[in-house]
Amino acid sequence: MELTIFIITAVISVVSALGVIFNKNVVHSAMFLLAHFLTLAVFYFMLNAQFLGMVQILVYAGAIVVLILFVVMLLGEQLGEDIPRWVTPTNGVLVLLALVLLTIVGTAVVEHPTTGAKGDFTPELIQEHGQAEMIGAVLFTDYILSVQLAGILLLVGIVGVIWLARNENLPVIAGDIPTEEV
Amino acid sequence: MIGAVPLSYYLLLSAILFTIGAGGVLIRRNAIIILMCVEMMMNAVNLTFVAFSSYLDSATGQIFVFMIMVVAAVEVAVGLALLVELNRHKEAVNIDEFNSLKG
């Protein structure tokens, strides 16, 4: 049963990933990307990582795809890409390169046993305490430094985006406000 | 619940998804599609992390995925802002046309 769900979701995932690439319309590509992110959320649910599945839906499907669609609308008609045909010698070589990469990674996965020391994040404990609580406990004790670094990264990202998005031709709004004489 | 699907299936699937993403970056010339493909590659790696995390009963993989999501969100925001800025200078999104560092 679970294997069936896995195979169906995997097929949808791969097809939508290919749909992102082989699509001339950027909006359609973004829709395929949305489907791809949702299938990954399904995998997370199947892997007992419900919290990450919800975060996946919220962050990727909710925020990133919407951001991409906003930019697509902002840039408008310049996005139309003229692709006469897909089957060209260059693309053939690139697909071959991708297949070589897949062979290397796939061999590494199949040939080597993937075992390791078991941790204490067992399904029974998750049932008892709840997933968000357990991840939160780990996040704010063992990985507190990375949480703070993530905060700094987000701050730098915000400042960088604001600096990039400013329009130099417009007057600075703060400077235009007349200061009241007291 | 876990165990019906072998771990190697998840690893192979994420290898396939990563390859598709890498191929997309190589094949397409549209900067927005390339950003999307980079996101797909990151998601493939995330899938590996979550699979290992749940098969080895460890929370570390999930923390890593959480951090990767933060990085991906910042990356896509900055990348799209750069794209809009580039588009103001040159009316294009084809990355082959951005061939000069001079503004």
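A quick note: this is a predicted structure, and the numbers were derived from the prediction, not measured.
- Looking at B:L47, both its backbone and its side chain come within 4.5 Å of chain A, counting heavy atoms on both sides.
- Under a hydrophobic clustering in which Ile, Leu, Val, Met, Phe, Trp and Tyr are joined whenever their side-chain heavy atoms come within less than 4.5 Å, directly or via other members, A:L139 and A:I144 fall into the same cluster.
- A heavy-atom distance below 4.5 Å is found between the side chains of A:Q131 and B:Q62.
- Other residues, nucleotides and ligands contribute only 12 or fewer heavy atoms inside 6.0 Å of the CZ atom of B:F64.
- A:L145 is not connected to B:I68 by any chain of hydrophobic side-chain contacts under 4.5 Å among Ile, Leu, Val, Met, Phe, Trp and Tyr, and they are in different clusters.
- Taking each heavy atom of A:L67 and B:A77 in turn, the nearest pair found is CD2-CA, 3.9 Å.
- Within the model, atoms OH of B:Y10 and CG of A:L47 stand 4.0 Å from one another, a figure rounded to the nearest 0.5 Å.
- Looking at A:T88, there are no atoms closer than 4.5 Å to chain B (heavy atoms on both sides), in backbone or side chain.
- Counting all heavy atoms, side chain and backbone alike, A:M46 lies closest to B:V5 at CE-CG2, 4.4 Å.
- Using a 4.5 Å cut-off between heavy atoms, A:F70 does not touch chain B at all.
- Linking Ile, Leu, Val, Met, Phe, Trp and Tyr whenever their side-chain heavy atoms come within less than 4.5 Å puts A:F22 and B:M41 in one cluster.
- Contact of A:L33 with chain B is made through the side chain alone, with heavy-atom distances under 4.5 Å.
- A distance of 8.0 Å separates CG of B:N46 from CG of A:L40, quoted to the nearest 0.5 Å.
- Taking chain A as the reference chain and counting heavy-atom pairs below 4.5 Å, the highest number among B:V50, B:N43, B:I20 is found for B:N43.
- Among A:A10, A:G157, A:A17, the residue making the largest number of heavy-atom pairs under 4.5 Å with chain B is A:A17.
- If you tally non-hydrogen atom pairs under 4.5 Å between each of B:L83, B:I34, B:I63 and chain A, the highest count goes to B:I63.
- For a residue to count as touching a neighbouring chain, one of its non-hydrogen atoms must lie under 4.5 Å from one of that chain's; by this rule A:A108 does not touch chain B.
- Note: A:I21 CD1 to B:N30 CG = 12.5 Å, rounded to the nearest 0.5 Å.
- Under the salt bridge (Lys or Arg N to Asp or Glu O under 4.0 Å) criterion, B:E85 pairs with B:R88, sequence neighbours left out.
- Comparing A:L52, A:L3, A:V14 by how many heavy-atom pairs each has under 4.5 Å with chain B, the most go to A:L52.
- Contact count against chain A (heavy-atom pairs under 4.5 Å) is highest for B:V74 among B:L35, B:L82, B:V74, B:V71.
- A:F43 and A:I12 sit in two unconnected hydrophobic clusters of ILVMFWY residues. Membership requires side-chain heavy atoms under 4.5 Å apart, directly or through other members.
- Counting heavy-atom pairs under 4.5 Å between each of A:A63, A:G106, A:S146 and chain B puts A:S146 at the top.
- Using the six-membered ring where Trp is involved, A:F6 and B:Y9 have ring planes that are tilted, between 30° and 60° apart.
- Residue with the most contacts toward chain B among A:L18, A:V95, A:L97, A:V156: A:L18 (heavy-atom pairs, distance under 4.5 Å).
- Within the 4.5 angstrom heavy-atom criterion, atoms from both the backbone and the side chain of B:T60 approach chain A.
- When the candidates A:V65, A:L154, A:L149, A:I158 are compared by the number of heavy-atom contacts under 4.5 Å with chain B, A:L154 comes out ahead.
- In terms of non-hydrogen atom pairs under 4.5 Å with chain A, the most contact-rich of B:L17, B:V84, B:V78 is B:L17.
- Distance check: A:I68 CD1 to B:L80 CG gives 6.0 Å after rounding to the nearest 0.5 Å.
- Residues A:V93 and A:L99 are members of separate hydrophobic clusters, defined by side-chain heavy-atom contacts under 4.5 angstrom among Ile, Leu, Val, Met, Phe, Trp and Tyr.
- B:A72 touches chain A through backbone and side chain together, each having a heavy atom under 4.5 Å away.
- When only modelled atom types and interatomic distance are considered, B:S54 and A:Y44 share no side-chain donor-acceptor pair under 3.5 Å.
- Heavy-atom distances place both the backbone and the side chain of A:V147 under 4.5 Å from chain B.
- For the options A:V105, A:V138, A:L101, A:I64, heavy-atom pairs under 4.5 Å to chain B are most numerous at A:I64.
- For the salt bridge (charged side-chain N to carboxylate O under 4.0 Å, His left out) condition, the pairs that include at least one residue of residues 141-167 of chain A, sequence neighbours left out, are A:R166-A:E168.
- Rounded to the nearest 0.5 Å, atoms OG (A:S13) and CG (B:L13) are 5.5 Å apart.
- Listed here is the closest heavy atom pair of A:A98 and B:T19: O-CG2, 2.9 Å.
- Atoms CE and CZ, on B:M36 and A:F32 in that order, are 11.5 Å from each other to the nearest 0.5 Å.
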